[in-house]
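Before any comments, here is the structure.
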2 protein chains.
Amino acid sequence: MTQDEATRDRVVRVADELFYTRGVQAVGMDAVRAAAGVPLKRIYALFGSKDELILAVLRHRMSVWDAGIAAEAERAATARDRILAIFDFLDAWFREPDFRGCGFINAFGELGAASPAVTEAVREQKSTFQEYLARLVAETGAPADLAPQLAILAEGAQTTAAISGTPEAARQARAAAVTLLDAAIHHAGDLVPG
Amino acid sequence: MTQDEATRDRVVRVADELFYTRGVQAVGMDAVRAAAGVPLKRIYALFGSKDELILAVLRHRMSVWDAGIAAEAERAATARDRILAIFDFLDAWFREPDFRGCGFINAFGELGAASPAVTEAVREQKSTFQEYLARLVAETGAPADLAPQLAILAEGAQTTAAISGTPEAARQARAAAVTLLDAAIHHAGDLVPG
DNA sequence: TACCTTAGAGAACGCACGTTCTCAGCGCAA
DNA sequence: TTGCGCTGAGAACGTGCGTTCTCTAAGGTA
């Protein structure tokens with residue numbers, strides 16, 4: 001890793017934490033400079049603008065999220081357990097003291113109306129997650145319709161936990177996921193009785 | 001309605017639309033003045049500060065939301081159908097051309113970190129919704145655990161629809177709600193088979 | 001040592017915006 | 001008619017912040 005890459009990485013990590021904790025617009029570039037210990041001139045040489053830094057932060061957060069989900073999932077043996085591991089992952093995350101909701105949803109609410117690039121980045125991370133879920137659902141043999149339903153549960157759990165300030169949404173979403181999985185697998189191919 | 005009340009109402013409605021469409025921080029007080037046709041001096045006499053205006057807007061949006069849900073629900077005969085009517089309500093909302101997600105979730109993402117008052121207002125509207133759902137669930141005879149699960153589906157559908165830009169999350173969440181309702185009512189009191 | 005390039009620290013600039021102030025006009029009591 | 005309080009329109013003020021500029025110091029090369 002070159003010096004530039006190391007500095008870039010450091011700035012992105014620091015900015016990510018600040019943006020997530022306080023909100024993007026509430027954090028000035030000077031706060032990033034102070035926290036990263038990197039001169040403004042250097043930051044602007046590396047990123048060009050705050051908007052570019054924001055996108056770099058979103059990309060970084062996306063890779064961290066993907067790695068975290070994958071790490072939690074690979075400890076489970078079956079696809080069904082890997083799906084449920086996602087909700088255990090959420091549970092642990094919600095209990096972290098500085099949990100403040102999904103950074104992508106927050107960024108979308110804050111900047112999505114004004115920035116198509118932010119919207120695009122957020123949309124990309126959500127669709128990556130949905131595709132991951134779709135693969136797991138396919139492995140279980142359940143109908144493909146199940147995947148977006150589980151994704152909606154995961155999204156809802158994140159906002160509910162953030163706003164309520166409690167982690168219980170993870171457990172509730174997990175229970176719902178179990179019900180949906182059981183219904184999809186046990187009754188696969190059946191019509192819902194009237 | 002006094003003159004003051006009418007002007008307050010006008011300013012709140014206009015600000016609500018601007019805040020929702022462009023984001024709260026992206027809308028200056030001067031834009032509110034121009035759109036409402038009310039002098040800044042008058043706005044500040046009525047609200048005191050932008051922060052107060054934001055809270056008034058959130059309160060207004062909460063009452064509109066509650067009324068909208070209630071209007072859609074009262075057309076249904078049974079508690080089960082009133083629950084499902086919520087998802088039909090979401091479906092219609094998601095198809096509106098200027099739909100941009102849940103205004104409360106967006107406001108939380110944008111301002112929650114900096115403003116406890118905003119967090120409190122958002123939390124209040126979510127808990128009002130959860131209580132409403134809990135009453136409907138109780139009417140169906142399903143276990144109380146079902147209510148937060150349905151709430152999570154509704155939340156997740158809103159963020160998913162906002163970010164994806166498509167309304168299909170409403171249909172998917174509704175299908176999941178049907179499965180959860182059926183499972184809760186058919187198997188009420190049972191243990192999940194191993 | 002003398003010179004050139006580069007980087008760091010912080011001041012400076014320009015702009016946007018929340019809030020307040022100024023001033024002109026208008027209704028109204030005597 | 002003559003003041004007087006109120007209101008509207010917009011200028012003005014202070015501040016914060018994204019971005020750029022300036023100055024100084026250091027490091028490498030003849």
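Here is how names work: the chains are called A, B, and so on, in the same order as the sequence lines, proteins then strands, and each is numbered from 1. Worth saying up front: this structure is predicted, and the values here are computed from it rather than measured.
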Over how many whole Å does the gap from [X] atom [atom1] to [N] atom [atom2] extend?
X	N	atom1	atom2	value
K41(B)	dA24(C)	NZ	P	14 Å
F47(A)	dT20(D)	CZ	P	15 Å
R22(B)	dC17(C)	CZ	P	10 Å
Y44(A)	dT6(C)	OH	P	23 Å
L46(A)	dG8(C)	CG	C1'	14 Å
M29(B)	dT15(D)	CE	P	19 Å
R33(A)	dG18(D)	CZ	P	12 Å
Q25(B)	dT15(D)	CD	P	20 Å

Quiz item: Starting at the 5' end of DNA chain D and moving along, which residue's nearest nucleotide shows up first, D30(A) or R42(B)?
Solution: R42(B)

Exercise. Could you tell me whether D16(A) and R13(A) have a side-chain N and a carboxylate O separated by less than 4.0 Å?
Key: no

Quiz item: Are R174(B) and D88(B) within salt-bridge range, i.e. N to O under 4.0 Å?
Solution: yes

Exercise. Using a heavy-atom cut-off of under 4.0 Å over every strand shown, decide if V27(B) touches base, sugar-phosphate, or nothing.
Key: sugar-phosphate

Practice problem: Look at all strands and tell whether V38(A) reaches a base, only sugar-phosphate, or nothing, counting heavy atoms closer than 4.0 Å. | Solution: nothing

Practice problem: Could you grab the distance from atom CZ of R80(B) to atom CD of E139(B), nearest 0.5 Å is fine? | Solution: 14.0 Å

Exercise. Starting at CG of N106(B), measure out to CZ of F108(A) and round the result to the nearest 0.5 Å.
Key: 6.5 Å

Quiz item: Is the distance from OP1 or OP2 of dG18(C) to the nearest side-chain N or O of K50(B) less than 4.0 Å?
Solution: yes

